[in-house]
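Heads up: the structure comes next, in structure tokens.
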Amino acid sequence: MTVTRFAPSPTGYLHIGGLRTALFSWLTAQHNGGKFLLRIEDTDLSRNSDEALDAIIRAFDWVGLHYDGEVVYQSQRFELYTKYINQLLDEGKAYKCYMSKEELTALREEQMANKQRARYDGRYRDFDGTPPEGVAPVIRIKAPLEGDIIFSDGVKGEICIASSEVDDFVIARADGVPTYNFVVAIDDALMGLTQVIRGDDHLYNTPKQIVVYKALGFALPEFYHVAMINNEEGKKLSKRDGATDVMEYQKLGFLPEALLNFLVRLGWSHGDQEIFSLAEMIELFDPKNINKSASNYNMDKLLWLNAHYIKNMPHDKLAKLLVSYGVEVEGHDRLEILLDATRERGKTMVELAEQVNIILNAPSEYNPKNAKKAFKGDASDIIQGFAVMLKEWETPLHLPSEYHAVLEKFVETKEIGFGKIGQPLRVALLGSMTGSGLDEIMAIVGVDETISRIAKAIEFISNKES
RNA sequence: GACCCUUUCAUCUAGUGGCCAAGGAUAUUGCGUUUUCAACGCAAAAACAGAGGUUCAAAUCCUCUAAGGGUCGCCA
């Protein structure tokens, strides 16, 4: 059975790049009817925080990725790791190293000065003398001295790294706490991972982990190293580039389906298809099609996708969502008309909420430039005349089409074009010259409010003139 | 510095030796539609990093160069 995982360290919020690798892993599991596990890499006890873990799980909930089974905490598995450390020590596959931190630093500096890759020189590998006093040893694993470490990466192809590049790295700190590359290999093996999908910043950890797999006799999973997401300029994504925290996207008014669709197309594709529902992603995703190269974050495309999902969301769902962005609307028909009138005008939920509020709330001021243009000449008389016609209209007015009939009758009677009434009426109703259709706006706010807004505009015009 | 990886329009990408004088999408520009804006429709502009090979044929295979990225922790 396919088993994948996401293994964050709880040091902050869920990063947008992390979400993409999580998504790739999750999709791989779903596609194959397997399991997707969550493991918390908290072996560095000084850097953990519970809030960070909460934030990660909340982000998962928001986008709708679920993990199977219980969350695995590495900090709760130290006994297990210690058992394996002792086993390797007993078998002579690991050893104690008494080198001090100062000595290590000196060694690294010397190697760098000699234009070499910095690495531990193995000086305690076969040590059987008397250990120096006052140094708590670390445990190092014996990496191969000769040959190459070769593995096949599902994304990058065959990776070959000379053993001389992989040193006898530390598997347990001086205080006995095991280190990352050691526990990752153990957990991935014990948790039954079949595919390990992670950022390609881990590419160089893979040969180290393979050393552990081999020493412990574990079978290797398939590795997939996914290239990074850069900012719009092609540089490393940082907080200065805007939202990197997944939950930030909710605040900005993005829909989870848009965010996931955006992320899945960063580094993966299926022919010319751009829009993927979650179900389609699951059906079509194959990690073998992941791109080798890094991709740049592209806000415009995210916005386009978000607009797409807003436009295509069922009204009741959209209305419910709008509540969390501060907009609540009474009346079923009214809501329908309102959403029809606004949904194509907002690329985010925040913008959509703004559009809705512009219609719902009478304008507190008129855009000076627009007012000047729209309220000139006989504009006041025209909208006044329209208000009268509305007031005296004999059949009840509810639907946009009914308001449209009034408007049509009005331009016909007055023998004017739509443009003549359209501009002043729009500014009277909204305060600006752009926005939703007049018929819809009037249907939403109703006859009384329409007349009242017109009256206010007329007052404004006469004040200006006097 | 060493090692490893990457390179198709501004951006995301299709492309696995002939179907490619390179296709789609976003963004951009123009036109249409509309009482306005948006949405939508149509159109335009826009790329194989460079140089050498291999081949009847190269975006695709090989070599080198260049540019970008990653890694070199008792962090993960």
Side-chain angles (χ1 to χ4, degrees), chain A residues 7-11 41-44 46-47 74 97 99-101 104-105 108 111-120 136-140 153 155-157 159-162 164-167 169-181 183-184 199-207 225 227-228 230 232-236 262 265-275 291-305 307 311 341-347 355 370 374 407 411 417-427 430 432-439:
Chain A
S9 58
T11 51
E41 315 250 300
D42 53 356
T43 51
D44 186 346
S46 61
R47 302 209 315 180
Q74 292 187 320
C97 168
M99 202 170 175
S100 70
K101 288 190 182 180
L104 247 183
T105 311
R108 279 196 196 109
Q111 286 168 332
M112 293 289 242
N114 289 336
K115 302 187 175 186
Q116 288 172 319
R117 191 173 153 81
R119 61 189 198 284
Y120 174 68
V138 298
I139 314 285
R140 289 181 182 273
D153 185 278
V155 176
K156 311 256 185 198
I159 306 286
C160 173
I161 289 164
S164 58
E165 295 295 323
V166 180
D167 62 4
F169 61 95
V170 173
I171 58 172
R173 301 167 169 92
D175 62 4
V177 176
T179 60
Y180 173 76
N181 281 119
V183 299
V184 165
D200 78 356
D201 48 340
H202 286 285
L203 192 68
Y204 241 87
N205 287 325
T206 309
H225 288 98
M228 303 278 98
N230 296 323
E232 313 222 14
E233 285 77 47
K235 301 288 176 196
K236 195 171 177 172
F262 171 68
R265 282 286 288 103
L266 240 38
W268 178 83
S269 59
H270 181 260
D272 286 340
Q273 187 170 347
E274 296 289 348
I275 305 291
N291 271 187
K292 291 177 198 298
S293 53
S295 38
N296 289 6
Y297 180 93
N298 182 198
M299 184 55 121
D300 282 332
K301 193 144 187 185
L302 210 208
L303 282 167
W304 173 72
L305 281 163
K311 276 183 289 186
T342 53
R343 67 187 322 181
E344 280 163 8
R345 260 161 256 272
K347 285 186 191 299
Q355 290 296 321
N370 292 347
L407 212 44
V411 298
F418 271 106
K420 198 87 175 153
I421 168 103
Q423 289 196 344
L425 184 56
R426 167 164 285 104
V427 176
L430 297 182
S432 92
M433 216 125 84
T434 62
S436 306
L438 293 170
D439 308 335

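In what follows, chains carry the letters A, B, and so on, assigned in the order in which the sequence lines appear, proteins first and then strands, with residues in each chain numbered from 1.
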C1' atoms of B:U35 and B:A45, separation to the nearest Å: 32 Å
What does A:Met99 touch in the nucleic acid at a heavy-atom separation under 4.0 angstrom: a base, only the sugar-phosphate, or nothing? base
Could you let me know what B:C61 is paired to, Watson-Crick or G-U wobble, both distances under 3.5 Å, or none if it's on its own? B:G53
Now, which nucleotide makes the Watson-Crick or G-U wobble pair with B:U34, with each of the two distances under 3.5 Å? none
What does A:Arg108 touch in the nucleic acid at a heavy-atom separation under 4.0 angstrom: a base, only the sugar-phosphate, or nothing? sugar-phosphate
Rounded to the nearest 0.5 Å, what's the gap from CG on A:Asp300 to CD on A:Glu232? Could you check? 6.5 Å
Looking at every strand, decide which applies to A:Val138 at a 4.0 Å heavy-atom threshold: base, sugar-phosphate, or nothing. base
Just N and O in the side chain of A:Thr11: are any of them under 4.0 Å from OP1 or OP2 of B:A76? no
Is B:U16 paired to anything, Watson-Crick or G-U wobble with both distances less than 3.5 Å, and if yes, which nucleotide? none
So, A:Asn296 side chain and A:Asn230 main chain: donor-acceptor pair closer than 3.5 Å or not? no
Along nucleotides 11-25 of chain B, 5' to 3', which nucleotides get a B, which get an S, and which get a -, given that the test is a protein heavy-atom distance under 4.0 Å? BBSS--------BBB
Is it true that a side-chain atom of A:Arg108 and a backbone atom of A:Arg119 form a donor plus acceptor pair closer than 3.5 Å? no
Under 3.5 Å on both distances, the Watson-Crick or G-U partner of B:A47: none
Just to confirm, is there a sub-4.0 Å distance from OP1 or OP2 of B:C40 to any side-chain nitrogen or oxygen of A:Lys311? yes
A:Arg426, nearest nucleotide to its side chain (from B:U36, B:C3, B:A39): B:U36
Pairwise C1' distance for B:C48 and B:A58, with rounding to whole Å: 11 Å
Roughly how far apart are A:Ser432 OG and A:Arg426 CZ, rounded to 0.5 Å? 7.5 Å
Any donor-acceptor pair under 3.5 Å from A:Arg140 side chain to A:Ala172 backbone: no
Sugar-phosphate only, base, or nothing, as touched by A:Leu425 at under 4.0 Å among non-hydrogen atoms: nothing
Partners passing side chain to side chain contact (heavy atoms under 4.5 Å, CB included) against A:Ala162 (at least two apart in sequence or in another chain): A:Asp148, A:Ser164, A:Glu165
With heavy atoms under 4.0 Å as the rule, sort A:Arg119 into base, sugar-phosphate or nothing. nothing
For B:G69, does either OP1 or OP2 sit under 4.0 Å from a side-chain N or O belonging to A:Lys235? yes
Between A:Met99 and A:Tyr120, is there a side-chain heavy-atom distance shorter than 4.5 Å? yes
Given that both distances must come in under 3.5 Å, which nucleotide forms a Watson-Crick or G-U wobble pair with B:A21? none
So if I take every side-chain heavy atom of A:Glu344 and compare against B:C74, B:C3, B:A39, which nucleotide ends up nearest? B:A39
Any idea which of B:C5, B:U6, B:A76 is nearest the A:Leu203 side chain? B:C5
Could you work out the separation of B:C3 and B:C9 based on their C1' atoms and round it to a whole Å? 33 Å
Under 4.0 Å, counting only non-hydrogen atoms across every strand here, what does A:Phe418 touch: a base, just sugar-phosphate, or nothing? sugar-phosphate
Report yes if at least one side-chain N or O of A:Lys347 is closer than 4.0 Å to OP1 or OP2 of B:A38; otherwise report no. no
So which one's nearest nucleotide on RNA chain B is more toward 5', A:Leu302 or A:Leu438? A:Leu302
Check for me whether the distance between the ring centres of A:Phe262 and A:Tyr297 falls short of 6.0 Å. yes
Under 4.0 Å between a side-chain N or O of A:Arg117 and OP1 or OP2 of B:G1? no
Could you please name the partner base of B:A39, counting Watson-Crick and G-U wobble pairs only when both distances are under 3.5 Å? none
Could you tell me whether A:Gly437 contacts a base, only the sugar-phosphate backbone, or nothing, with contacts defined as non-hydrogen atoms closer than 4.0 Å? base
C1'-based separation of B:G50 from B:U8 [nearest Å]: 15 Å
Rounded to whole angstrom, note down the C1' distance from B:C19 over to B:U26. 27 Å
For B:G1, give the paired nucleotide (Watson-Crick: N1-N3 plus N6-O4 or O6-N4; G-U: N1-O2 and O6-N3; both under 3.5 Å), or none. B:C72
Across every strand shown, the nucleotide meeting Watson-Crick or G-U wobble geometry with B:A10 (both distances under 3.5 Å) is B:U26
Between A:Gly435 and A:Ala172, which residue's closest nucleotide on RNA chain B lies nearer the 5′ terminus? A:Gly435
A:Arg343: what forms a side-chain hydrogen bond (donor to acceptor under 3.5 Å, both in side chains) with it, not counting sequence neighbours? A:His315
